[in-house]
Student: 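Here it is: the structure, laid out below.
The figures here come from the full heavy-atom set of this structure, side chains too, leaving out hydrogens, waters and symmetry mates. All residue numbers refer to positions in the sequence shown, counting from 1. Nothing here was measured: the structure is a model prediction, and the numbers come from that model.
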Amino acid sequence: MITIAVGVGENKNILEACDIFKTQKPDVNMELIENDEKLAKSISDKNINATIRGSLSASNVLKQLKESYPKISRATYINGEGHEFLISSVGIDEGNTLEEKLNIAIHCINFMKKLEKTPKIATLSYARPGDYGRSKEINQSLDDTEKLSKLIEKHTNQKIENQCVLIDQAIKNKCNILIAPNGIVGNTIFRTLVLLNSWPSFGAITFGINEIYIDTSRDQSTEGYLRSLELAYKLGSVRDFGDLNF
């Protein structure tokens, strides 16, 4: 029996998703939680195999997690026909320093390797190189992305594609790890692709902890929550991520 803790807030699509999922997976036990403090505690509960945020607020859960795990990071896993990639940062207060983005990149690379997939990383910035000089913010973003690309290559021996603002080119080139300039940009990309244009997402995987916590949007559809439940189920069911097939 696999036990998944699920946060239930105002968006009741999560309840419909849970009902559907239980009919698909008779060996799953759902523990519905309507309080973010209790949801945070469920993550470290040894009787629970995986936790998903569902439609509860994320701020208090992440705050409690970061008190014990200051280097946690999240990456949204988008998977569909013609495109499959992790994008991070997706939290609006994450990915603001080179150190944070390097940590994120390393976590994403390690995760892809556990799935037996070859990492292909693209770093993103606010503009094209030819736009340098148009503002201090653009200059800083271009400089930081160039530094980040070199740092990732140095620490991981992975070749980096510095795609600057060209996320379209990064996806066309089949890059499977996209590092946004910061969490605000990453969150906007997520909302544009997943919530507006319905690209399928499994939710955001939390790295830097031994437990399984899948972060999800409060505004997700029933189908989106079903995908997150599927990811939580698969991660909670196996010890070797190489056994997973997405």
Student: Are side-chain heavy atoms of Pro181 and Leu124 found at a separation under 4.5 Å?
Tutor: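 Yes, side chains in contact.
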Student: Quick check: closest heavy atoms across Leu86 and Ile205, and the distance to 0.1 Å?
Tutor: CD2-CD1, 4.2 Å
Student: Tell me whether Phe190 is reachable from Ile92 by hopping between hydrophobic residues (I, L, V, M, F, W, Y) whose side-chain heavy atoms are closer than 4.5 Å.
Tutor: no
Student: For atom CG of Asn197, is the number of surrounding heavy atoms from other residues, nucleotides or ligands below 6.0 Å larger than 12?
Tutor: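 Buried by this count: over 12 neighbours within 6.0 Å.
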Student: Are Ile209 and Leu39 linked, directly or through intermediate hydrophobic residues, by side-chain heavy-atom contacts shorter than 4.5 Å (ILVMFWY only)?
Tutor: yes
Student: Kindly write out the residues that satisfy ring-ring contact (aromatic ring centres under 6.0 Å, His included) with His83, not counting sequence neighbours, or none if the list is empty.
Tutor: Trp199
Student: How about Ser55 and Gln220: do any of their side-chain heavy atoms sit closer than 4.5 Å?
Tutor: no
Student: Within the structure provided, determine whether Arg218 and Asn11 are in side-chain contact (heavy-atom separation under 4.5 Å).
Tutor: no
Student: Would you mind reporting whether Thr222 and Ile20 have side-chain heavy atoms less than 4.5 Å apart?
Tutor: yes
Student: For residues Glu100 and Asn96, is any side-chain donor paired with an opposing acceptor at under 3.5 Å?
Tutor: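 Checked: Glu100/Asn96 side chains show no N/O donor-acceptor pair below 3.5 Å.
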Student: Heavy atoms, side chains only, cut-off 4.5 Å: are Leu98 and Asp144 in contact?
Tutor: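 Yes, close enough: below the 4.5 Å cut-off.
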Student: Distance check, rounded to the nearest 0.5 Å: Ser42 atom OG versus Lys38 atom NZ?
Tutor: 11.5 Å
Student: To the nearest 0.5 Å, what is the distance between CD on Glu146 and CG on Leu151?
Tutor: 10.5 Å
Student: Ile138 and Ala127: which non-hydrogen atoms are nearest, and at how many Å?
Tutor: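 Heavy atoms only, the tightest pair is CG2-CB, 3.8 Å.
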Student: Using modelled atom types only, decide if a donor and an acceptor are shared between the side chain of Thr188 and the backbone of Ile184 within a distance under 3.5 Å.
Tutor: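 Checking the backbone N and O of Ile184 against the side chain of Thr188, a donor-acceptor pair under 3.5 Å is found.
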Student: I need the Ile177 CD1 to Ile152 CD1 distance, nearest 0.5 Å.
Tutor: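 Here the rounded value is 8.5 Å.
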Student: List the atom of Ile52, the atom of Tyr213, and the distance in Å for their closest heavy-atom pair.
Tutor: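 Heavy-atom minimum between the residues: C-CE1, 4.2 Å.
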Student: How long is the gap from CG on Asn187 to CG on Asn182, to the nearest 0.5 Å?
Tutor: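 Reported to 0.5 Å precision, the distance equals 10.0 Å.
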Student: Heavy atoms only: give me the nearest Met112-Pro119 pair and the separation to one decimal.
Tutor: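 Scanning both residues completely, I find the closest heavy atoms to be CB-CG, 4.2 Å.
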Student: Got a sec: does the NZ of Lys66 have more than 12 other heavy atoms crowding it under 6.0 Å?
Tutor: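 Yes, NZ of Lys66 has more than 12 neighbouring heavy atoms, counting only those of other groups under 6.0 Å.
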Student: Indicate if Leu148 and Ile109 have the same hydrophobic cluster label, given that clusters are the connected sets of ILVMFWY residues with side-chain heavy-atom separations under 4.5 angstrom.
Tutor: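 They do share one cluster, since a chain of ILVMFWY contacts under 4.5 Å joins Leu148 to Ile109.
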Student: Restricting to non-hydrogen atoms, name the atom on His155 and the atom on Ile106 that form the minimum distance, rounded to 0.1 Å.
Tutor: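 In this case the closest contact between His155 and Ile106 is CB-CD1, 4.4 Å.
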Student: Would Lys12 and Glu16 pass as an ion pair if we require N to O under 4.0 Å?
Tutor: no
Student: Less than 4.5 Å apart, side chain to side chain, heavy atoms only: is that true for Lys174 and Phe85?
Tutor: no
Student: So Tyr233 and Phe21, would you call those rings parallel, tilted or perpendicular, with 30° and 60° as cut-offs?
Tutor: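 Perpendicular: the ring planes of Tyr233 and Phe21 meet at over 60°.
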Student: Rounded to the nearest 0.5 Å, what's the gap from CD1 on Ile2 to OG on Ser237? Could you check?
Tutor: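 The CD1 atom of Ile2 sits 4.0 Å away from the OG atom of Ser237.
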Student: Pair Thr145, Thr123 - check side chain to side chain donor-acceptor pair (under 3.5 Å), show working.
Tutor: CA-CA 6 Å; Thr145 305; Thr123 51; 5.7 Å; no
Student: Do Arg53 and Thr216 have side chains that get closer than 4.5 Å, going by heavy atoms?
Tutor: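 Counting from C-beta outward, Arg53 and Thr216 do come under 4.5 Å.
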